[in-house]
Amino acid sequence: MYIINEQKVYADYAEGQYIVLNHVTGEYYSFDRASSAVLGAVLSGADESSVTEAFLEKYGPDCGAAPKVAKFVRELLEAGIIAEAESPAAGAGAALIGEIADKTMPELGFEAFSDVADLLLMDPIHEVDEEMGWPVPKQEG
Amino acid sequence: MVEEREKLLLRLLVSGRDYTREEMETMAGDMDIDRERIEYLLMLGLLGERKGFLYIPDKVRPRITGIYRSYRVRNLLFQPFLEAKLKVLVRAGIPVMLLKGAAMRAYYAPGVVREMSDIDLAVPEERFKEALSVLEASGMKVQDGPAPHAWTLMEGGRHIDLHRWIFKTGGDKAAGDFWEKAVPVEVGGVQVLVPAPEDMFIHILDNRARDLILDYQVNRTMKWLYDGAMIISKAGTPDWKHIAGRAEELLALSSLKMVLPDFAELFPELISGEQCREFFPRDESYLRWKQKAESFVEELKDFNTIADKWPPGSLGLPKLMRVVRHYRTQYRCFFKDDLKRAGIRMSFPDFFLFYFQAESAGELIRRYLGKKKA
């Protein structure tokens, strides 16, 4: 059972996706929809085994869910994004896994960008990579 | 002027209806993104996010999603700062009201990503000096150039505009019950307030009207229309007669007469042209208000042309007299009558001293002479 580690991070959830800011280090973490669903599940009362079960039910017994879920939760803890909770939170829990649109078992993870203050100085129209958008800067040359 | 594609975008955002492929083609089909306004792109991103950015042209989708993402991060960065400052004020026993964008995010359009360059907060006038001290003790610094209604504090690149009056001319003081009618809301575990829906609506439109007159932020045409629609929708079926009466109490009726026709054109389901004409007629009092505003704009253009030519750091009696004339015109056109109606005693000398943060004319002269010697 986990909670957002509010001592270090600030999380924002909107329209199916989380973004997380580490207000101590200035790092910014971006989650895709599938990973956001898993993060949402563990924050609303689900443990690793119930999340894994939900994936197995959705994608079949050979989808490789267990190591992917375990790795993702470990990475969230190591980054200080989540912390262990004493009691489970109320919420949809593992049912959120059912909302994932991917047709096969998705890769789970998050992208980390360092020094969000510098990233925000970029003009998000003219100084960013046209194929990727903010926060990826335009390459020189 | 609001373009057709902007009108479509705003109507879709406010209604919550899903957009079609054809509608996205109208809004983004031939877009030259390098020439677009950030406001439009952000709102397009706001709409697109509801459907996974479906139908947004491939060549611009990455940058539009990136713009949306960057503003989500900016908004998120405000949050811990805002909550920390609210906590210090509330712990000091000072009631706090969120205004403008902060109120929109906390209550009227919760979680909606927006352009926000600063945070507007109000405290009761009698607690204003105390609130300044509390915020300064928390690490903020008062910036030069306060306005009669609000002072700006800064910390680490973030601004708070701390209001002692919500309306520039003290309209809330005139009404007398602005704080009583306010709506409680919890932010970061502390209880604060936001203006009541009709008061928030009038406040947003009054600000828009004054910006238009002074030519500030004219490119932000969509933001105020969106905010106005979201706010008035929260009030249920609007009673426009009541809103007009309230605007009169808040000394903002002429502002609404100026901008409501644009609002009505876009959201006829919220206010018809007929209601506009009935309750917000552009009558003689409006025309007098508009004439005074236009007089000040002429003076402002003239002053800026002259001021641009002054060498930096130069001082002299002619310059000082020209500055005094400028502020006297602003006082006469924008402040004098409404301050009087609001029961606020602020003569022109008081107004002038306030702007230059001086307690007396003697202090201002000594400061001027001191700089001259240096």
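Surrounding NZ of K71(A) are at most 12 heavy atoms belonging to other residues, nucleotides or ligands under 6.0 Å away. Environment of CD in E6(A): sparse, with no more than 12 heavy atoms of neighbouring residues, nucleotides or ligands closer than 6.0 Å. Annotation: D30(B), atom CG; neighbour count of heavy atoms from other residues, nucleotides and ligands within 6.0 Å does not exceed 12. Within 6.0 Å of CD on Q7(A) lie no more than 12 heavy atoms contributed by other residues, nucleotides or ligands.
Considering only heavy-atom pairs separated by less than 4.5 Å from chain A, the leading option among I38(B), L41(B), V113(B) is I38(B). Interface summary for chain A: among E36(B), R74(B), K59(B), R61(B), the most heavy-atom pairs under 4.5 angstrom belong to R74(B). Residue with the most contacts toward chain A among I67(B), L77(B), L76(B): L76(B) (heavy-atom pairs, distance under 4.5 Å).
For a residue to count as touching a neighbouring chain, one of its non-hydrogen atoms must lie under 4.5 Å from one of that chain's; by this rule A101(A) does not touch chain B. Only the side chain of Y28(A) comes within contact range of chain B, with heavy atoms under 4.5 Å apart.
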Kindly indicate, with the supporting measurements, whether the criterion side-chain contact (heavy atoms from CB on, under 4.5 Å) is fulfilled by D12(A) and N75(B).
CA-CA 9 Å; D12(A) 178 49; N75(B) 285 185; over 6 Å; no
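Inter-residue side-chain proximity for V73(B) and L120(A) is flagged as met; some heavy-atom pair is nearer than 4.5 Å.
Within residues 124-134 of chain A, the residues having any heavy atom under 4.5 Å from a heavy atom of chain B are, by residue number, P124(A), I125(A), H126(A), V128(A), D129(A), E130(A), E131(A), M132(A), G133(A), W134(A).
The line from CG of L121(A) to OG of S70(B) is 11.5 Å long, rounded to the nearest 0.5 Å.
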